[in-house]
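What's counted below: heavy atoms across the whole structure, side chains too, no hydrogens, waters or symmetry copies. In what follows, chains carry the letters A, B, and so on, assigned in the order in which the sequence lines appear, proteins first and then strands, with residues in each chain numbered from 1.
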Protein chains: 2
Amino acid sequence: MSRFKVAEMPAAPGMAIMVEGERNPSLYSVLSGWGFRYKILEDGRRQILNYVLPGDLIGLQGNVMKEMQHSVEALTKMTLCIFERDKLPTLFRDQPTLAFDITWIAAREESMLDEHLLSIGRRNAQERAAYLLAFLDARAQATVGGHQEHRQLPLTQQHVADTLGLSLVHTNKTLRKLAEQGLVRWLDRGCEVVEIEGLYRLAGWRPPNETGRPFI
Amino acid sequence: MSRFKVAEMPAAPGMAIMVEGERNPSLYSVLSGWGFRYKILEDGRRQILNYVLPGDLIGLQGNVMKEMQHSVEALTKMTLCIFERDKLPTLFRDQPTLAFDITWIAAREESMLDEHLLSIGRRNAQERAAYLLAFLDARAQATVGGHQEHRQLPLTQQHVADTLGLSLVHTNKTLRKLAEQGLVRWLDRGCEVVEIEGLYRLAGWRPPNETGRPFI
DNA sequence: CGGAAACTTGAGTTACGTCAACTACCGTGG
DNA sequence: CCACGGTAGTTGACGTAACTCAAGTTTCCG
């Protein structure tokens, strides 16, 4: 893989890593930190599509489609690994195993989007919030491997609202209820998961166990 | 590609092509007809994730993940092309161009799911309905190539409701309003698009122009 | 220490959901 | 031929989850 690596790049919180409409952007993989993908309607309504964590690819779509259909922003301090664009066909020719890993990652992304769609389409506010926090906690645990003591998610309530498709006010009231039930604790700009099992139960969801996961 | 083709298979409307939880299902490509992917919650709430049309792959996820995370059902009469499972690694080794096409299709699916997520999360009922019908019309036009006179979509209002994350009753009232505006006409289990530009305008959306699209 | 960003809270509004009919349109079988 | 049962679509009355507006408080950061 190192043959395709160009450089590493840091990104500060709030930084735009990729913007909708961009043509042929670089291809990145996330080495550390959190980011999120989103789209906005003309009048400013924003929908967060998914979060990117270490091991995820950013910009694959732009290398395959004509232009990027979504934007990506850093949530925390991140470090990215930049790959040479235009080298994707070469990679597919010379590194079939890596190519398969890329497809694996794309299929997993699709699977996550399916879950989110189910959540936003058919779950109510509490279930949605519980699902999102459980989902992010599971991803965070999976990336560090093993279990963390402080299960903290680096989001603001505005991010949660824009992910769940709810208003900020209603999101706040919903999160408050989860906190009253002792499932989470809301910190300054972040959320600490206290009772993961309670979240699973409320959401009616459990994380899939990922086997054979590649890390690019 | 024919080296990996096993057989063709017809599917009748309503037939379950693939069910959630299935392990290592076959990999299909759609030769003709319409189907849809969906997930259901334990209490029966259903969310349609996307529609599958000619040229789409079915079951890639199951060949990459441990088991299928969603179900697929035929909407119309379909013909499917069955590929030999377990041959995916071989294909990636021997047919890099085909492998790239598969990734291309996966990336496009992801792009469509992004759009749906934006729609369900941030658009109101009318905008959502307009978007969905415009989206499906665009896909239908793209698969036949050129322009059809009768732009008919083979759905029931229940399908529309389960795609938009709305109740059946509210979906009906919303579609009625679109019909009153002369944008669509609702037939017996199907919808005819009358004023595609009006739908685009209402949805605030236009179909992307797909270049270099592979057909497997 | 001042200003901005994040979080809270209450009051009033609305879009969408639920319930409960009813009509229309089949295809099937008596 | 008509009775029928099932699916799809339609409509009105009413309930409620979530939205908007508006005003706070708290926390962070320069």
J.: Go through the side-chain N and O atoms of B:E115 and B:W205 and say whether any donor and acceptor fall under 3.5 Å apart.
T.: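 Judged by distance alone, the side chains do pair up.
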J.: Mind checking what makes side-chain hydrogen bond (donor to acceptor under 3.5 Å, both in side chains) contact with A:Q152, not counting sequence neighbours?
T.: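 So A:Q152 forms no side-chain hydrogen bond (donor to acceptor under 3.5 Å, both in side chains) with any residue.
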J.: Just jot down the ring pair (Phe, Tyr, Trp, His ring centres under 6.0 Å) partners of B:W104, sequence neighbours excluded, or say none.
T.: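 Counting only residues at least two positions away or on another chain, B:W104 forms no ring pair (Phe, Tyr, Trp, His ring centres under 6.0 Å).
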J.: Which salt bridge (charged side-chain N to carboxylate O under 4.0 Å, His left out) pairs, counting each pair once, include a residue from residues 118-136 of chain A, with sequence neighbours left out?
T.: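 The answer is A:R122-B:D162, A:E127-B:R45.
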J.: Using five base pairs at each end to define the local axes, how bent is the helix from C:dC1-D:dG30 to C:dC26-D:dG5, to the nearest 10°?
T.: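 Overall, the helix from C:dC1-D:dG30 to C:dC26-D:dG5 bends by 40° from one end axis to the other.
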J.: Return the set of residues passing ring pair (Phe, Tyr, Trp, His ring centres under 6.0 Å) with A:F135 (not counting sequence neighbours), or none when no residue passes.
T.: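 A:H116, A:Y131.
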J.: For A:E195, give me all partners under salt bridge (charged side-chain N to carboxylate O under 4.0 Å, His left out), at least two apart in sequence or on another chain.
T.: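 Once residues adjacent in sequence are excluded, A:E195 has no partner under the salt bridge (charged side-chain N to carboxylate O under 4.0 Å, His left out) criterion.
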J.: Side-chain atoms of residues 176-183 of chain B: list all donor-acceptor pairs with protein atoms under 3.5 Å, sequence neighbours left out, distances to 0.1 Å.
T.:
{"unit_1": "B:Q181", "atom_1": "NE2", "unit_2": "B:Q126", "atom_2": "OE1", "d": "3.4"}
{"unit_1": "B:Q181", "atom_1": "NE2", "unit_2": "B:K177", "atom_2": "O", "d": "3.3"}

J.: Name every residue in residues 44-52 of chain B that has at least one heavy atom under 4.0 Å from any atom of DNA chain D, in order of residue number, or write none if there are no such residues.
T.: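 Contacting residues: none.
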J.: Output every pair passing salt bridge (charged side-chain N to carboxylate O under 4.0 Å, His left out) with a member in residues 64-83 of chain B, not counting sequence neighbours, ordered by first then second residue.
T.: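 Listed by first then second residue: B:R23-B:E67.
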J.: Earliest and latest nucleotide of DNA chain C, 5' to 3', sitting under 4.0 Å from a non-hydrogen atom of chain A?
T.: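 Contact span on the strand: C:dA6 to C:dA11.
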J.: Mind checking side-chain hydrogen bond (donor to acceptor under 3.5 Å, both in side chains) for A:Y51 and listing every partner two or more places apart, or none if nothing turns up?
T.: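 By the side-chain hydrogen bond (donor to acceptor under 3.5 Å, both in side chains) rule, A:Y51 matches A:T163.
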J.: State, without any angle test, whether A:E109 and A:N50 hold a side-chain donor-acceptor pair at a distance under 3.5 Å.
T.: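 A:E109 vs A:N50: donor-acceptor pair found between side chains.
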J.: Can you check whether A:M68 reaches A:E20 side chain to side chain, under 4.5 Å on heavy atoms?
T.: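 Of all side-chain heavy-atom pairs linking A:E20 with A:M68, none is under 4.5 Å.
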J.: Quick one, give me the B/S/- string for nucleotides 7-19 of chain D, reading 5' to 3', where B means a protein heavy atom under 4.0 Å from the base and S means that only happens at the primed atoms, P, OP1 or OP2.
T.: -SSBBBB----BS
J.: Would you mind checking if B:D56 and B:R37 are paired as a salt bridge, meaning a charged N to carboxylate O distance below 4.0 Å?
T.: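 No, B:R37 and B:D56 are not salt-bridged.
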